[in-house]
Protein chains: 2
Amino acid sequence: MDGIQPPGRLVTLTDVAREAGVGESTVSRVLRNHGSSSKRARERVAEAVARLGYVPNRLAGSLAGPGASAQLAGVIVPSLANVVFPDLLRGLTGALDAAGIRCVIGVSDYDPDREEALAAALLSWRPAALLLTGLEHNPGTVALARAGGVRVVEMIDTDGAGIDAVVGFSNRAVGAASARHLVARGYRRIAYLGHDLRVDLRAGKRLAGFEAALGEAGLALQAQEIRPGPSSPGSGRAGLEALLARHPDLDAVYFSNDDMALGGYFACLAAGLAVPGRIALFGFNGLDFAAAMPQPLSTVRTPRLEIGRQAAACLIGEGPKRIDLGFELIEGATA
Amino acid sequence: MDGIQPPGRLVTLTDVAREAGVGESTVSRVLRNHGSSSKRARERVAEAVARLGYVPNRLAGSLAGPGASAQLAGVIVPSLANVVFPDLLRGLTGALDAAGIRCVIGVSDYDPDREEALAAALLSWRPAALLLTGLEHNPGTVALARAGGVRVVEMIDTDGAGIDAVVGFSNRAVGAASARHLVARGYRRIAYLGHDLRVDLRAGKRLAGFEAALGEAGLALQAQEIRPGPSSPGSGRAGLEALLARHPDLDAVYFSNDDMALGGYFACLAAGLAVPGRIALFGFNGLDFAAAMPQPLSTVRTPRLEIGRQAAACLIGEGPKRIDLGFELIEGATA
DNA sequence: GCGGCTTTTGGCAGCGCTGCCAATCCGGTT
DNA sequence: AACCGGATTGGCAGCGCTGCCAAAAGCCGC
């Protein structure tokens with residue numbers, strides 16, 4: 001398999017051509033199944049490839065080809081700690097795989113400057129597309145994306161104008177729907193419990209939509225608890241405990257996401273507070289565990305995988321520029 | 001920023017050289033900060049780069065350089081649905097970022113053939129390293145990895161021989177430690193509840209270690225429930241319900257991971273079964289939520305991020321070939 | 001103002017591949 | 001037997017960059 005190569009040098013297409021006794025162009029054509037070639041040529045090339053263990057060098061291939069690399073996609077996500085983004089990647093890689101496109105990933109840690117640096121770094125691989133999260137970016141990032149000569153897809157958020165293609169749902173609408181649900185269920189003394197909003201702008205948009213809808217119902221947020229650091233069940237539990245200590249009269253809490261809500265639920269279990277009788281809980285994301293809870297979590301299911309898939313479709317088959325995939329409110333039993 | 005380029009062509013190093021009034025080699029040297037250059041040259045190049053919005057083409061750079069691309073790492077994980085792998089990626093990207101190395105990812109869906117195809121696809125980008133999950137691969141994958149002329153790092157599992165470098169912990173030892181813990185706590189009628197073992201070989205190794213340790217204590221697994229599909233809280237809940245229906249006399253359950261265990265905990269809450277009085281639960285992974293539960297989950301914390309970091313170190317600074325990062329048994333309150 | 005030295009510079013080949021084009025081949029015609 | 005159109009083929013330039021090397025520039029002391 002690994003042949004008798006002088007260890008320093010890998011097998012090249014030229015080696016294959018020599019071994020197969022055909023020209024380089026023939027090998028190239030056969031391997032890419034592009035243009036015409038005789039059965040005999042195909043067989044000889046296949047044999048030589050197997051014999052030498054040839055692995056094409058796409059660096060060279062992409063450089064020589066016309067549109068530079070059309071085989072890589074640059075993806076920048078703010079985090080990998082939040083299930084949302086791996087789910088997004090899952091949808092992406094799944095759909096891109098079939099097209100032979102690989103994802104090169106960058107993690108911005110919710111830092112726009114880092115995002116910009118990553119955009120430049122990823123563009124230097126001349127990807128077919130640049131996939132960003134959200135609509136808010138540094139001017140420099142936008143300039144890079146525009147000048148990069150690549151398709152740009154902004155994922156998850158549709159509340160605002162995008163650079164090129166946008167695939168996601170309206171976070172404002174999610175917040176509004178969540179508020180309307182709580183109001184309709186009769187909750188009046190409602191608080192918000194979230195993680196750092198300065199970094200997670202989409203959570204901020206949900207909250208804005210939530211407050212707006214509350215306002216329309218003549219209500220206002222009774223309290224707001226913002227926990228430092230990333231969202232987590234631990235943070236949600238501590239947050240709800242803190243919130244209820246300060247505002248014992250609350251009857252419902254809107255969490256920035258399901259992880260926080262799960263922590264809140266644990267806090268209620270631990271303190272023996274009836275859910276939703278004493279306090280109602282409402283999440284966001286519709287994660288797996290939400291449905292498995294003794295009382296299914298009331299939340300909003302977001303089409304994370306589908307966003308990834310549609311984003312992939314956007315770079316392959318020139319789909320529409322703007323796709324709103326909506327969301328689904330899950331009534332659950334906690335609110 | 002995006003200059004006055006004819007839209008088809010991106011700015012090249014030659015353009016920068018012309019704009020700056022210096023030679024191409026000078027631009028190259030300045031940009032890579034390699035070799036000596038005058039202050040004046042550096043300034044002129046910097047200006048030209050900014051003026052033209054130049055983004056280097058690493059495809060070309062890597063092709064021209066000596067060791068092909070040393071700036072990409074190919075990573076193959078079996079799944080992105082299990083938090084473990086995003087965590088791994090998180091550690092990896094974090095550590096690799098500083099070195100300017102980007103990860104190209106492939107998701108094998110626990111399929112060795114797919115893994116092999118992905119290995120070939122990733123190697124075609126001439127990465128500096130190939131990072132695999134686990135130690136079990138197709139012969140073809142191993143051959144590719146060896147012939148690829150790249151550093152190979154196998155992550156997570158240390159129970160067996162690796163191709164090149166191995167970073168992880170012993171899954172067998174985790175299983176054994178978990179069993180000893182349960183035995184020491186007095187549990188005797190112990191069952192295993194997991195997801196499909198044929199695909200998740202590491203879960204199988206944990207179970208093997210678990211059963212071996214049980215055997216040493218003169219005990220045997222009372223029952224075993226394998227749920228189809230991936231692990232999830234929903235699957236864990238349904239699994240525990242099924243298990244207890246068949247074997248009401250169980251006093252402890254070892255889950256394939258925390259997600260499953262969380263589902264089991266929910267099942268107990270829903271059925272009003274005392275944990276650990278009526279039934280003890282033991283997980284694996286040490287996820288965030290485990291500590292936030294009303295009763296902290298008894299589990300084993302695995303060094304997922306650290307595995308990623310050490311794997312990164314393996315490709316940068318020629319670290320040791322084999323790193324066992326161990327694990328930590330968390331006593332919790334559920335077992 | 002001139003060697004002798006170091007620093008800085010530009011030209012150019014070539015990394016492995018693909019696209020283009022001209023050459024060759026094949027089978028059937030005339 | 002010479003001829004024709006399409007299928008198949010190989011040669012070679014060139015993608016954008018880096019490494020090498022020789023040339024040019026700068027610097028020192030005399």
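If you're wondering where the values come from, they're calculated on a predicted model, not measured in any experiment. All chains are named by letter (A, B, ...) in the order of the sequence lines, taking the proteins before the strands, and each is independently numbered beginning at 1.
Applying the salt bridge (Lys or Arg N to Asp or Glu O under 4.0 Å) criterion to A/Arg114, with sequence neighbours excluded, gives A/Asp109, B/Asp97. B/Ser25 meets the side chain to side chain donor-acceptor pair (under 3.5 Å) test with no other residue; sequence neighbours excluded. Remark: B/Glu24 engages no residue in a salt bridge (Lys or Arg N to Asp or Glu O under 4.0 Å) (not counting sequence neighbours). Among residues two or more places apart in sequence or in another chain, the salt bridge (Lys or Arg N to Asp or Glu O under 4.0 Å) test is passed with B/Arg44 by none.
The rotation axes computed at either terminus of the helix from C/dG1-D/dC30 to C/dT30-D/dA1 lie 50° apart, taking five pairs at each end and rounding to 10 degrees.
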Could you go step by step and tell me if B/Val22 and B/Val30 meet the side chain to side chain contact (heavy atoms under 4.5 Å, CB included) rule? CA-CA 11 Å; B/Val22 299; B/Val30 168; over 6 Å; no
Which is it for A/Leu80 and B/Phe85 under the side chain to side chain contact (heavy atoms under 4.5 Å, CB included) test, yes or no, and what are the steps along the way? CA-CA 10 Å; A/Leu80 285 171; B/Phe85 304 108; over 6 Å; no
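Between D/dT9 and A/Ser38, a contact under 4.0 Å exists linking OP1 or OP2 to a side-chain N or O. Taking only side-chain nitrogens and oxygens, A/Ser36 comes nearer than 4.0 Å to OP1 or OP2 of D/dT8.
If you take CG on B/Asn57 and CG on A/Leu63, they are separated by 6.0 Å, rounding to the nearest 0.5 Å.
Counting any heavy atom pair closer than 4.0 Å across all strands shown, B/Ala17 reaches no nucleic acid atom.
A/Thr302 and A/Arg304 share a donor-acceptor pair across their side chains, judged by distance under 3.5 Å alone.
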Treating primed atoms plus P, OP1 and OP2 as sugar-phosphate and everything else as base, which nucleotides of nucleotides 15-25 of chain D get B, S or - for protein heavy atoms under 4.0 Å? BBBSB------
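If you measure from atom CZ of B/Arg42 to atom C1' of C/dT7, you get 12 Å, rounded to the nearest angstrom.
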